[in-house]
Protein chains: 2
Amino acid sequence: MRKKDESKNGAIYESTVQLVLEKGLAGVTMCDISKAAGIATGTLYIYFSNKEALMNKVFNICRKESASFYLNDYSPLDPFDVGFRKIFNNIVTYRLQHFEKFIFLEQCYHSPFITEDVRKDSLKYLNPIFDLLQKGKDDHIIKDLDDALLLGYIIGSVNEVIKKAHYGNKSLDHKKIAQLYQLCYDGILA
Amino acid sequence: MRKKDESKNGAIYESTVQLVLEKGLAGVTMCDISKAAGIATGTLYIYFSNKEALMNKVFNICRKESASFYLNDYSPLDPFDVGFRKIFNNIVTYRLQHFEKFIFLEQCYHSPFITEDVRKDSLKYLNPIFDLLQKGKDDHIIKDLDDALLLGYIIGSVNEVIKKAHYGNKSLDHKKIAQLYQLCYDGILA
DNA sequence: AAGTAAAATGAATAAATATTCATTAATTTT
DNA sequence: AAAATTAATGAATATTTATTCATTTTACTT
């Protein structure tokens, strides 16, 4: 029997994410996706039973990929400040290098395509980051605040600054990123 | 001749914003909106020439309303710390009291419904805030950084924390808001 | 109170989009 | 190399949704 061309999975995934960046979640059709992926529309339905399943799958892949990216080069044995800097830079770098995936994830968050339970277990991927924050609190380096508050504060400011820069056609050089780091770091310090 | 019932404008506006919160921008139909507003579908087209026009109008109203809300009780004569605290609290309060409008604005930002030029002149509404930041910089109270960076940092962290709290069903009490304020304020201090 | 002009209606139509399926192409097995 | 099996196709169909329009209702004018 003939095998599925597994490279198509990747092409569908890349196309979906790219098109959502260009046209928004509301504006992307199955036809658009198949054209961009270089396959027939019917073929999409061999790989995914419908549009909702496709979006959920792509959402899951992006989510896992991003969470894993955040931990690049990080070790739980790193001292707090070293670990924090690594993870912060990874979060920024992921958003700059994979802007389309970053936006896709943001768009999905409020979409009817993404089912409740898929959305819910998002947090578990971030456990190593919560552990790092706990270490910082235990060592009295950072403020003893709720994890969600601390992480939301960091992630939110990074998201907004990167989006603003992108849509305002402003470059985000190393200097600006270092400044953003300093803003965030000074904020969390005890 | 018969007059247009101006209250319908408001009903359409409220319904649209509420439905986008519930179903996402991608999931809202003209039929949904008319039903929720208590009017016939055809009537929508008396008030707005099409869906895109409707969304742009609602977007504009929300945008203006929010920007004006941010300046409640604020005077350009306020000392930096007083003014900053007022505006920060207004930004938070708007998002909590008008969560559906906050989400609508966020959703629109990446939507094909909102035309480029409508999106572009968003910044002008925020001029008083930029002036306040300038004062803080001139007085050497806060870091001398780019306006977009400073505001993005503040707005982004507020957005994310409020969204996380809402979707995680966690309450955001006065204590947490004060802690978020402290994070942001400590971050920008020179 | 009759005339009239615009508002409002909602069923009908048009347009866009998701999904199916009969057919063809490719790959593996025997 | 023929048979078997699944992948791939894309035109056709089904479905959903935007938009129109013939008709009715409402409120103002004379």
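Residue numbers begin at 1 in each chain, while the letters A, B, ... track the order of the sequences.
- Note: B:Phe102 and B:Phe99 have perpendicular aromatic rings, judged against thresholds of 30 and 60 degrees for the angle between ring planes.
- Formation of a donor-acceptor pair under 3.5 Å by the A:Lys143 side chain with backbone atoms of A:Leu189 is found in this model.
- For the residue pair B:Gln18/B:Glu14, the side-chain donor-acceptor check at 3.5 Å is not satisfied.
- When each of B:Asn90, B:Leu126, B:Ile129 is paired with B:Leu71, the side chain to side chain contact (heavy atoms under 4.5 Å, CB included) condition holds for B:Ile129 and for no other.
- Heavy atoms of A:Leu44 sit nowhere under 4.0 angstrom from any nucleic acid atom.
- For A:Ala40, the side-chain atoms get nearest to D:dT9 when compared with the rest of D:dA18, C:dT9, D:dT9.
- To the nearest angstrom, P of D:dA27 lies 15 Å from CD of B:Glu6.
- Atom NZ of B:Lys57 has 12 or fewer heavy atoms from other residues, nucleotides or ligands within 6.0 Å.
- Rounded to 10 degrees, the angle separating the terminal helix axes of the helix from C:dA1-D:dT30 to C:dT30-D:dA1, each built from five base pairs, is 0°.
- In this structure, the side chain of B:Lys163 does not engage the main chain of A:Gly156 through any donor-acceptor pair within 3.5 Å.
- Contacts of A:Tyr47 with the nucleic acid, taken as non-hydrogen atoms under 4.0 Å apart, involve only primed sugar atoms and P, OP1 or OP2.
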Tabulated below should be each protein N or O lying under 3.5 Å from an N or O of nucleotides 19-23 of chain C; please produce it.
unit_1 : atom_1 : unit_2  : atom_2 : d
C:dT19 : OP2    : A:Tyr45 : OH     : 2.9
C:dT19 : OP2    : A:Lys51 : N      : 3.1
C:dT19 : O5'    : A:Tyr45 : OH     : 3.4

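- Here C:dT27 presents its C1' atom at 13 Å from NZ of A:Lys8, a figure rounded to the nearest Å.
- When distances run from any side-chain atom of B:Ile39 to the nucleotides C:dA8, D:dT9, C:dT9, the shortest one goes to C:dT9.
- Formation of a donor-acceptor pair under 3.5 Å by the A:Asn56 side chain with backbone atoms of A:Ala53 is not found in this model.
- Atom pair A:Asp32:CG and C:dA16:C1' shows a separation of 11 Å (rounding to whole Å applied).
- Side-chain atoms of B:Thr29 and B:Asp32 form a donor-acceptor pair, as typed in the model, at a separation below 3.5 Å.
- One atom, CD1 of B:Ile46, and another, P of C:dA7, lie 6 Å apart when rounded to the nearest Å.
- Relative ring orientation between A:Tyr185 and A:Phe84 is described as tilted, the plane-to-plane angle lying within the 30° to 60° band.
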